[in-house]
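Side-chain atoms are counted along with the backbone in the values below, which use heavy atoms only and exclude waters and symmetry mates.
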Amino acid sequence: MSKNNIKNKILETFIKLIKEKKMTPSRSELHKAGITQDMYRHHFKTIAGLKEAARQKDPKAFEQMIDETVFSPKILKKLKGEVKKYNKFVITTAVTGMSVHSAFYKNLKFYCEKNNAKLLILPSTDPAAIAGFEIDGGLFNESIVVQDLALNDNLMISTFKTSAKQINPLTGLRRMGRRERSMIVASPKQFLEYVPIANDAMSHALMTTGAITKPQYHTERYMSLRTAYIAELDHKLGAIVVELQDNKTFHFRQIQAEYGTGFFIDNGIYYKINKTTSIRPEALVLGDIHVGSLSGDVIQTTDDIISTLKPKRVFLHDLFDGVSCNPHASAQYLTRAKFTLSQLSIEEELKLVKEYLTEMRAKHSCVEEWVIVRSNHDLFLDRLLDSGDYIKDPINSKICHKLASLKLDGKMPLQEGLKLVGLNVSKIKFLSINDSYRIAGIEHGVHGHLGLNGQRNPGNSSLEIAYGSGTFAHSHSAGILRDIFRVGTSTEMRLGYNNGASSWTNTCCPTYANGSRQLINDINGKWRI
């Protein structure tokens, strides 16, 4: 075959692939079609040269290709006008050079039609992509966001240029989030951090979306193999649902899709492309309880969430506040002088916990099991018993003597104390400090105050090393680091020991049988619009 015939054959094959894929084919796809790297380099020098020759030969083949050339000021102005028509959005990421997950895409379209939501797609680049900045042309008619876009006064889509392979896509953005507003950033991973911004203002959320594209990070570059492997491991088929309550207030939550089917769950509704079914969470992890310091708004919101979602199990962290035996306040004489008798008395505090559990079980008969996770505030009582200081305390010495004897027998003081004040413990499971409770492969039985080798107050990265996947509490600030989720608190936002700038949130987390989770925030007494 002559050189011209070979060159034309390469062009024809390349154009055919462009029409099928609506995107520049990868090296492996070219190789499968009979075009080796040596062949196109010999005739066209580079992929860019081959692409330009193909565009000149058949410009119509490129009409639905999404690259930098399609983002004109006119299109961007039109997008801003479209956004103003909606108060609900589904925001996801398309990685350059990667194919759309067609089933997930169809399901997102179905969700948007059913919920009158706008689908917004953010680009994220794979540096190893052969064609540079190109998104699957199957998304040609969708809204691609390539410039910063404000959804309301407190939430914006930020188009920081992000690499799909960046280990933590939020690295370096905390100071930006403090100055600006809550931000959604493109990434095929799901991350969430809260940034405290001022003494009395709500902290800003920094979040990434997950992807609508398949994890196709295969590379022939030796030095990229490690990053490609990690990127594929962390890739999450998912999105962020945003609901605008008004110009200031918004709600958001994550969705994660099943890789095989593209199905996903949002607020107890299972979306299956052309139909929906109701589905109960296997678990609902509430923000730290701290009976005696609960927020009235959060109590009402929690009741509504449980009544709506009907979780099979509810996990309670820091149920016992321990204000009556808090070792950090034992020497704060002026503070303790203001305490009421119920705050000074362990027995009275246990009675408050009993009332809370009794009321919750009465209101929510749908819950099959209430799980009390061993937490650091529970251990205030253990520490007092171990110290023996209770013998000098006329208010608490009697009940502590009883609990000390039970602790010597290997019993948990909180559980035994609640029995002593008359709690009916049916449907209640008390976990010990080393118990594990996994649901869908996700650890739910750990509070989060201890990390590797007894490390205190571990960060999410330490918990990830220890548990791999889990839903934790303790920090009072919600967050996501890959498969580590943290809930917030169910208390008032100021408890005296978090003065100054705070990143606390009122956040809970349902877990479903397929392993998907969502962080649900209480914002001014509401969790959705």
Side-chain angles (χ1 to χ4, degrees), residues 286-296 298-299 302 314-363 370-408 411-426 428-433 447 449 473-474 476 489-498:
L286 300 183
D288 286 2
I289 303 298
H290 298 283
V291 169
S293 299
L294 281 162
S295 160
V298 175
I299 290 173
T302 300
V314 172
F315 285 75
L316 306 171
H317 291 257
D318 271 336
L319 174 66
F320 178 72
D321 189 33
V323 65
S324 57
C325 52
N326 187 338
H328 307 299
S330 59
Q332 296 174 346
Y333 300 111
L334 293 179
T335 299
R336 289 181 65 82
K338 299 175 184 178
F339 281 8
T340 62
L341 178 60
S342 62
Q343 290 176 305
L344 291 169
S345 167
I346 291 171
E347 185 171 355
E348 290 302 316
E349 189 172 2
L350 288 169
K351 287 179 180 177
L352 286 177
V353 175
K354 171 200 165 186
E355 289 173 12
Y356 171 81
L357 287 170
T358 302
E359 288 177 9
M360 289 295 282
R361 284 187 300 176
K363 286 188 291 187
W370 299 83
V371 184
I372 299 176
V373 180
R374 192 80 154 128
S375 306
N376 61 307
H377 277 246
D378 304 353
L379 296 172
F380 291 169
L381 183 53
D382 293 64
R383 288 171 64 176
L384 176 63
L385 298 177
D386 279 335
S387 72
D389 289 346
Y390 60 85
I391 63 173
K392 305 171 188 177
D393 183 351
I395 295 175
N396 294 311
S397 60
K398 184 176 180 180
I399 192 169
C400 282
H401 272 97
K402 293 178 182 178
L403 293 175
S405 177
L406 292 165
K407 181 173 171 58
L408 280 172
K411 304 291 182 63
M412 286 189 290
L414 177 59
Q415 181 177 0
E416 299 306 318
L418 290 171
K419 288 181 184 177
L420 286 176
V421 297
L423 176 68
N424 176 357
V425 295
S426 65
I428 298 177
K429 184 178 182 66
F430 292 83
L431 300 181
S432 68
I433 198 70
H447 178 54
H449 65 296
H474 181 61
H476 291 198
T489 180
S490 299
T491 65
E492 299 289 350
M493 297 301 280
R494 292 291 180 185
L495 293 184
Y497 54 86
N498 66 321

Could you check if a side-chain atom of [X] sits within less than 4.5 angstrom of a side-chain atom of [Y], using non-hydrogen atoms only?
| X | Y | result |
| --- | --- | --- |
| L418 | V425 | no |
| I433 | H447 | no |
| L420 | L403 | yes |
| N424 | T358 | no |
| P413 | L406 | no |
| Q415 | I372 | no |
| C400 | D393 | no |
| H401 | I391 | yes |

Next on the checklist: side chain to side chain contact (heavy atoms under 4.5 Å, CB included), that's the test. Do S345 and K351 meet it? Break it down for me.
Outcome noted: CA-CA 10 Å; S345 167; K351 287 179 180 177; over 6 Å; no
Short side-chain to backbone donor-acceptor contact, [X] and [Y], under 3.5 Å:
| X | Y | value |
| --- | --- | --- |
| N396 | Y390 | no |
| R361 | S426 | yes |
| T489 | G287 | no |
| S405 | K402 | no |

Please report the shortest heavy-atom distance between [X] and [Y], naming the atom on each side.
| X | Y | result |
| --- | --- | --- |
| I289 | S490 | CD1-OG, 3.9 Å |
| G322 | E349 | N-OE2, 2.6 Å |
| L316 | W370 | CD1-CE3, 4.2 Å |
| M360 | T302 | CE-CG2, 4.3 Å |
| F430 | L423 | CZ-CD2, 4.5 Å |
| P394 | S397 | O-OG, 4.0 Å |

Could you state the interatomic distance from [atom1] ([X]) to [atom2] ([Y]), rounded to the nearest 0.5 Å?
| X | Y | atom1 | atom2 | result |
| --- | --- | --- | --- | --- |
| H290 | T491 | NE2 | OG1 | 6.0 Å |
| F380 | I346 | CZ | CD1 | 12.0 Å |
| N376 | D318 | CG | CG | 4.5 Å |
| K407 | E416 | NZ | CD | 11.5 Å |
| D321 | L352 | CG | CG | 10.0 Å |

Next on the checklist: Apply side chain to side chain contact (heavy atoms under 4.5 Å, CB included) to residues S324 and E348 and explain how you reach the verdict.
Outcome noted: CA-CA 9 Å; S324 57; E348 290 302 316; over 6 Å; no
Checklist entry - Would you say K363 has more than 12 foreign heavy atoms packed within less than 6.0 Å of its NZ? => result yes
Checklist entry - In a check of side chain to side chain donor-acceptor pair (under 3.5 Å) between D288 and each of H377, H317, H476, which one passes? => result H476
Item to check | side-chain hydrogen bond (donor to acceptor under 3.5 Å, both in side chains) partners of H449, counting only residues at least two apart | outcome: none
Checklist entry - Is there a side chain to side chain contact (heavy atoms under 4.5 Å, CB included) between L414 and L350 once you walk through the steps? => result CA-CA 8 Å; L414 177 59; L350 288 169; 3.8 Å; yes
Checklist entry - Does the side chain to side chain contact (heavy atoms under 4.5 Å, CB included) test come out yes or no for L357 and L319, once each step is laid out? => result CA-CA 9 Å; L357 287 170; L319 174 66; 3.9 Å; yes
